[in-house]
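Structure first, then comments.
What's counted below: heavy atoms across the whole structure, side chains too, no hydrogens, waters or symmetry copies.
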Amino acid sequence: MGAPLQLPHVDLVLSNAENYSSDAQMAICVSLYSAVEWIRVLLNEFCAAASTESADSEQELEACVCLLSRLVVRMNQMLVLQGNIHGLL
């Protein structure tokens with residue numbers, strides 16, 4: 001969950017979106033959609049892993065809490081990307 005997802009700076013891309021051709025706008029939407037879908041896959045897999053793990057020690061509990069906090073960060077990032085897609089439509 002700690003690996004970054006590399007996308008162009010969204011604010012820069014979206015601020016000039018109306019100046020792009022329809023093909024470029026479609027490419028932006030598809031890129032954002034693909035990023036959202038990738039984050040969904042990650043969230044589903046890591047949530048399933050986190051729910052099946054049992055924290056027997058304090059160290060395992062801390063690792064589980066760390067994973068859950070990363071999941072929340074990724075979920076927030078996904079929501080921002082979805083909002084960007086809706087802004088383009």
- Message: Could you report the tightest heavy-atom contact between Ile85 and Leu32, atom names first, then the distance?
- Response: CG1-CB, 3.5 Å
Rounded distance [0.5 Å steps], [atom1] in [X] versus [atom2] in [Y]:
X     : Y     : atom1 : atom2 : answer
Ile39 : Asn76 : CD1   : CG    : 10.5 Å
Leu42 : Met75 : CG    : CE    : 12.0 Å
Asn84 : Cys29 : CG    : SG    : 10.0 Å
Arg74 : Arg40 : CZ    : CZ    : 15.0 Å
Asn44 : Leu71 : CG    : CG    : 10.0 Å

Treat each ILVMFWY residue as a node, draw an edge where side-chain heavy atoms are under 4.5 Å apart, and state whether [X] and [Y] are in one component.
X     : Y     : answer
Leu68 : Leu79 : no
Tyr20 : Tyr33 : yes
Trp38 : Val36 : yes

